[in-house]
Amino acid sequence: MGMLSRSPWVIHYDGSSCNGCDIEVLAALMPRFDVERFGVVNTGNPKHADILLLTGSINEQNKPVVLNIYNQMPEPKVVLAVGICATSGGIFRECYNVLGGVDKVLPVDVYVPGCAVRPESIIDAVVKGVGILEEKRAAFKAAGKA
Amino acid sequence: MSWFSGIAYILFAPFLGGIIAGLDRKISARLQGRIGPPLFQPFYDVGKLFQKETLVVRQSQHLYMEFFFVLMVFSGAIFFSGGDLLLVIFAFTMAGVFFALGGYKASSPYSFIGAQREVLQMMSYEPAVLLAAVGMYMVTGSFQVAKIIEYPHPLIAQLPGLFLAFFFILPIKFRKSPFDLATSHHAHQELVKGITTEFSGRTLALIEIAHWYEYVFVLGIGYLFFASNVWFGLLMTLVIFELLLVVDNATARVRWQAMLGSAWVVALVAGGLNIIYLMWMKG
Ligand code: SF4
């Protein structure tokens, strides 16, 4: 296992979620699930993050914010769409201001369904994301930019 | 103590410091009822940072952090090779200045405020550290660490006030609550990540390693208070560290006014009284 997969630092952004998913994300950090066991740190800083964890759908207002966060993250990076809102727009899909899921603006690597998602599936998604991170790292290195 | 231990410090302090940082995270997690990361987590983190892209805002910001790193290693190396305590403190302060300058240079509002707070933090801990050096001189008759360490009795017996002042400013140096104003290792951070906000990849790894050196060095100063017996000294250093973590988990961050005020009051009252007592004893 490489270093990347032992220390995934996550930045969590709440798009226009109902907060249901966000509470589950925080639950994953709490004593019962304690994702820090796997080295996961919830950083507030895109420049330190490896994984962008998005909850809630994308709308006109948060689109530039999401793009900004993504662009500020150093390579290699992975995007997780957490919750059915983030994967497709969910129950807010029909709203006049909602564009849809995260994949309308960013390349999503892992989709995590659930309304709200369970902490177990979030942990599962991070573990999947970490695998993709390693693949991207290999590609990044091959491109000679590391 | 000789140049040999100075070289040993340069080579092995990162390992020791990394393990201290790992212990810190592990014990903190236990205090919060969590299992916590593996002991070697800080090494994984730094290893990862070396594999990441390094984003640059301004090229010179990295130069400042490299100076910070070099001076941190330098001051610790002088300390551990038994050199002059005043020179050590001076070099240590310079390291802090470069760290703050790096934050200023990165020119983002977050790192800017973080750098301002870093400067305030330096102002807060400086009196306590300097007074501790003066107190050690008054007891042992020398500023040389090699001489101080040979003093036959534990210094704490004669410097309790100065030790209190030193312990009070320890959270500043370890970037712990209640004084983790400039940057913090925890999720709670109103300044994004404070002074290190604009640093990523390699440079962030360098900063992290410099902090490991700093941990070992600062605990080394704590050790001086108990240096008459090696095992007693090491044990007490561990106790200090443990107490620090309890304080960290039991307190919330304060404003800088409270930090500066309380650190100076404790340093000047407890430390000052201690020094007056020493002068009185000498007659
Ligand atoms: S998926 Fe459900 S719980 Fe999560 S943000 Fe959307 S509506 Fe809320």
Side-chain angles (χ1 to χ4, degrees), chain A residues 1-13 22 25-51 53 68-78 119 123 130 133-146, chain B residues 18 21-22 24-57 61 106 108-111 114 183-205 207-208 249:
Chain A
M1 225 166 38
M3 294 286 184
L4 260 176
S5 47
R6 285 172 184 250
S7 138
W9 290 1
V10 174
I11 180 166
H12 167 212
Y13 179 76
D22 304 291
V25 169
L26 294 179
L29 294 168
M30 292 291 134
R32 188 178 175 88
F33 297 101
D34 187 28
V35 281
E36 206 194 358
R37 281 178 297 157
F38 311 115
V40 174
V41 172
N42 185 7
T43 134
N45 183 357
K47 296 203 175 177
H48 293 184
D50 310 299
I51 294 180
L53 196 160
N68 196 1
I69 294 176
Y70 181 77
N71 289 334
Q72 286 191 43
M73 288 169 63
E75 293 286 347
K77 53 192 169 190
V78 159
I123 295 173
V130 150
L133 211 53
E134 288 287 358
E135 282 167 28
K136 286 196 175 177
R137 150 86 189 151
F140 183 62
K141 206 174 174 185
K145 278 187 269 173
Chain B
D24 165 5
R25 285 178 68 173
K26 193 89 197 164
I27 295 173
S28 293
R30 285 291 156 86
L31 286 173
Q32 296 164 5
R34 295 186 288 118
I35 291 182
L39 184 60
F40 294 109
Q41 187 61 42
F43 296 105
Y44 303 148
D45 289 346
V46 164
K48 174 201 71 175
L49 287 172
F50 275 112
Q51 298 185 348
K52 293 275 288 184
E53 184 188 20
T54 307
L55 298 173
V56 179
V57 183
Q61 82 190 66
S108 97
Y110 306 115
S111 70
T183 177
S184 151
H185 283 124
H186 298 294
H188 58 243
Q189 180 57 268
E190 75 274 18
L191 287 179
V192 184
K193 205 70 184 172
I195 198 163
T196 57
T197 303
E198 298 297 324
F199 294 93
S200 58
R202 240 163 261 235
T203 318
L204 188 61
I207 293 173
E208 207 52 44
N249 280 287

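In what follows, chains carry the letters A, B, and so on, assigned in the order in which the sequence lines appear, proteins first and then strands, with residues in each chain numbered from 1. Being a predicted model, the structure only gives us computed values, none of them experimental.
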Determine whether A:Val41 and B:Arg25 make a side-chain contact, defined as any pair of heavy atoms from C-beta on separated by less than 4.5 Å. yes

Heavy-atom pair count under 4.5 Å with chain B, highest-scoring of A:Phe33, A:Phe38, A:Trp9: A:Trp9

Using a 4.5 Å cut-off on heavy atoms from C-beta on, say whether the side chain of B:Pro37 contacts that of A:Arg37. no

Do you know the tightest heavy-atom contact between A:Leu29 and B:Arg34? O-CD, 3.6 Å

Kindly compute the distance separating CZ (A:Arg137) from CD (B:Glu53), expressed to the nearest 0.5 Å. 11.5 Å

Rounded to the nearest 0.5 Å, the NZ atom of B:Lys26 sits from the CD atom of A:Glu36 at a distance of 9.0 Å

Kindly say whether A:Ser7 contributes a backbone atom to a donor-acceptor pair with the side chain of B:Asp45 at under 3.5 angstrom? no

Taking all heavy atoms of A:Pro74 and all of B:Lys52, pick out the closest pair and write down the distance. O-NZ, 3.0 Å

Can you give me the closest heavy-atom contact between A:Asn45 and B:Thr197, atom names plus distance? ND2-O, 2.9 Å

Side-chain donor/acceptor of A:Asp34 to backbone N/O of B:Ile35, under 3.5 Å: yes

Decide yes or no for A:Lys47 and B:Glu198: does some side-chain heavy atom of the first lie under 4.5 Å from some side-chain heavy atom of the second? yes

